[in-house]
Amino acid sequence: MAQYTRVSGVVGLITLQNPPVNALSAVVRQGIVDKVETALSDPKVKSVVICGQNGNFCGGADIKEFGTKMFGPPLIPMIHSIEAANKPVVAAIEGSALGGGLELALGCHYRIAHSKARLGLPEVTLGLLPAAGGSQRLPRLIGVPAALNLITTGRHVTAAEALQLGIVDQVTDHNTVDAAVKFALSVAGRSLDARRISTYPCPRPSDLDALFEEVMQKVRQSARGAIAPVACVQAVRAAATLPYTQGMEREKELMATLFTSGQARAMQYIFFAQRAVGRWRMPSGASWDTSKPRPVTKAAVIGLGTMGRGIAVALARAGLSVVAVETQEKQLLEAKQAMSSMLERGAKRRGGVPALGLISYSQSIQAAADVDLVIEAVFEDMALKIEVFKQLTAVCKPGTLLCTNTSGLDVDQLASETPNPELVVGMHFFAPAHVMNLLEVVYGPRSSPQAVATAMQLGKKMGKASVAVGNCSGFVGNRMLKLYLEQASFLLEEGATPELVDRALEEFGFPMGVFRMSDLSGLDVGWRVRKAAGLAEPGEASGPSARIRKGYRYSPIGDLVCEQGRFGQKTGRGWYQYEKPGSRVARSDPWMHSFLEQYRARHGLVARSIDHQEVLERCLYSLINEGFRILEDGIAAGPEDIDVIYVFGYGWPRHRGGPMFYASMVGLAKVLERLEHYHQAHPDVPNLQPCSLLRRLVASGSPPVHMWREVRKKLHSQL
Ligand SMILES: CC/C=C/CC(=O)SCCNC(=O)CCNC(=O)[C@H](O)C(C)(C)COP(=O)(O)OP(=O)(O)OC[C@H]1O[C@@H](n2cnc3c(N)ncnc32)[C@H](O)[C@@H]1OP(=O)(O)O
């Protein structure tokens, strides 16, 4: 709703009231319409200020209303009536003015923002476009190039940037409502002819066609099949080429297509999933609302390889005091240099001061004596990690949380080597750790809820989507990835090329196909893991047993490629060839094609034609099937956890909502049928056998994603 008061005798103050972000629900819209009318019809009122309750202007349309029947006054006429008012209306922007919130502010005649406010049109991140006039007013106000940038990326700008761009008229460090009221008093009675943005001509750059062509090309390339960014460009083009009313018609048309699209549903699902994972729950029943995190102001990072460096930088950026420990002097000096330039580059990009002073460096683990939390980031080797944990136990003050950065080692085994296993959790960061926005917080059966709460809060402070998951080999992300990689290798054996597989996955929306991605991360990492697990065997054995391990189908192709010293980009050769070691542009490699032909010939395999659909079904459905197993095992609390992990950590296209959401969009019955089909065709691949939760969900009528937890609970209670 909205509250109305008269202040300073002549200013009508309208306060939006819908905690926590004053979203424009039907009741709020009705409130605004009513209170604006009251203010405009009151002869004592000379000007109006619109603000939001609790230091937050407005987080935009109420996203929860999107899937439901819309009630209440629509946004567009509401904003028009504000703009058409004959008394000045001033928006007092604190907190955020996003989406419909900024569109409301653009309908006002003036905008005053607090210096800490954030403004933006993030609709594109929800699969939409700013369709309450935002796509038509913003270019008229700040010009086409700047508006295109904001609308197609959805990025939030600071008050300072908003002032520079001309979105706001004034920025204050003091009470924003007071400043807006003062401003409203100063402009009372002034002509508003020049303040109605919809009446402005849209500034037309001379090279309009070239500009739109360039932006459209860029957007199509980075959108990877997402339709909203393309529609955003089309809407801004309408602003630049059509009169306002026709532009509004075009905006409406484009929005109608987006609003009901599966992509918008997927992106809105991810918006809420990202928030839902913060409400974590452990199988013991302990949860986010019953477990209080410990304060962490000082942390240590042990081991300054690639991961350790990124983690230490991310901690310092989050404002923590960091002790960075590396026992090798040369490594320590290199790390110090690299981390300083990472911090400097980051500060330059974001604006601000690099947090160099927050990091102290040491060669001795003793330096971790007084920290609240340690993140061990040494080499992925259990014996080494156990040794480091022993030293930490001897050195650290009692109660220090011991976290291990591992991508799949047994957190519980490590915990059992310490006298206080309840203080041990896994923190699986993704490389580069100062850039990637995902963190898997891994709890073992003995991790205390407080340790989990602390790691989750720290992850949030570091700006990462943090997901609490149970302990198993590969946790959630890598456990599922293993099956995806495995299918990709099988497809090569059966006749596909790396190019074909990658093209199918990139057309689906992944930024890189599986083989290009493996070349980027380094093929030797997985090879080492397979050797340690007794899977990779040296030499080019032939015959049926060469492709069987532990009774099941195994593809040694990746091992053979590594035996050639082809580790990907870093060696200039992998699944593709590169101009030189370290180059990034993957080029098709005739060596690989003849290697695959020889491999098939040696193993008596006859290449067959494989299409994109088979690539997608085999790679994605096997990964999804493992996702269902993970839910069944209780390793992830719900499908949202898996989807957030995949969208934030594994490049799953956001507009497809994550693997579990995607499965529900495809139809669970179809996924089940295709898995059954492929399992019949490949009975030596047990992972293709559909898991019982998937079968159970199909048997219960394929309920929507948010109901899967219930079905799983019933399944468990019957076991
Ligand atoms: C007719 C169609 C018109 C469409 C135009 C639009 O306006 S589309 C919406 C555009 N707005 C946005 O995309 C903003 C979304 N919100 C945010 O980015 C952030 O919430 C925030 C405003 C920057 C605040 O961030 P903060 O970290 O402080 O809080 P949370 O993100 O945790 O949010 C708190 C709870 O509020 C819920 N929520 C936030 N925004 C909305 C919204 N627009 N509609 C409905 N609900 C919203 C959010 O889900 C949190 O609630 P939970 O119960 O915890 O999920």
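Indexing begins at 1, ligand by ligand and atom by atom, following the structure's order.
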Please check if a non-hydrogen protein atom sits closer than 4.0 Å to atom 26 (P) of ligand 1. no
Specify whether the nearest protein heavy atom to atom 16 (N) of ligand 1 is under 4.0 angstrom away. yes
Who's the nearest protein heavy-atom neighbour of [atom], and how far?
atom: atom 44 (N) of ligand 1; value: Ile63 N, 2.9 Å
atom: atom 53 (O) of ligand 1; value: Arg279 NH1, 3.7 Å
atom: atom 30 (P) of ligand 1; value: Arg275 NE, 3.6 Å
atom: atom 14 (C) of ligand 1; value: Gly59 O, 3.3 Å
atom: atom 21 (C) of ligand 1; value: Leu98 CD1, 4.4 Å
atom: atom 5 (C) of ligand 1; value: Glu123 OE2, 3.4 Å
atom: atom 41 (C) of ligand 1; value: Val21 CG2, 3.7 Å
atom: atom 51 (O) of ligand 1; value: Lys64 NZ, 4.4 Å

Charged N to carboxylate O under 4.0 angstrom, [X] versus [Y]?
X: Glu640; Y: Arg279; answer: no
X: Glu440; Y: Lys464; answer: no
X: Asp641; Y: Arg281; answer: no

In ligand 1, which numbered atoms sit nearer than 4.0 Å to a non-hydrogen atom of [X]?
X: Gly100; answer: 5 (C), 6 (C), 7 (O)
X: Ser96; answer: 22 (C)
X: Met255; answer: 2 (C)
X: Phe272; answer: 49 (O)
X: Gly60; answer: 7 (O)

Any donor-acceptor N or O pair under 3.5 Å, side chains [X], [Y]:
X: Tyr200; Y: Arg137; result: no
X: Ser198; Y: Glu83; result: yes
X: Glu251; Y: Ser135; result: yes
X: Tyr269; Y: Asp643; result: yes

Ile167 versus Leu102: any side-chain heavy-atom pair under 4.5 Å? yes
Least distance between heavy atoms, [X] atom then [Y] atom:
X: Pro639; Y: Met660; result: CB-CB, 3.8 Å
X: Leu401; Y: Ala451; result: CD2-CB, 3.9 Å
X: Phe66; Y: Leu128; result: CE1-CD1, 3.4 Å

Does Pro122 have a non-hydrogen atom less than 4.0 Å from ligand 1? yes
Please verify whether a non-hydrogen atom of Pro20 lies at under 4.0 Å from ligand 1. yes
Select one of side chain, backbone, both or neither to describe which atoms of [X] lie under 4.0 Å from any atom of ligand 1, heavy atoms only.
X: Ala61; value: both
X: Asn56; value: neither
X: Asp62; value: both

Could you tell me how the ring of Trp708 sits relative to the ring of Phe628: parallel (under 30°), tilted (30 to 60°) or perpendicular (over 60°)? tilted
Any nitrogen or oxygen of Gly99, main chain or side chain, under 3.5 Å from a nitrogen or oxygen of ligand 1? no
Verdict with supporting geometry, Gln136 and Gln246, side chain to side chain contact (heavy atoms under 4.5 Å, CB included): CA-CA 10 Å; Gln136 304 304 298; Gln246 284 177 38; over 6 Å; no
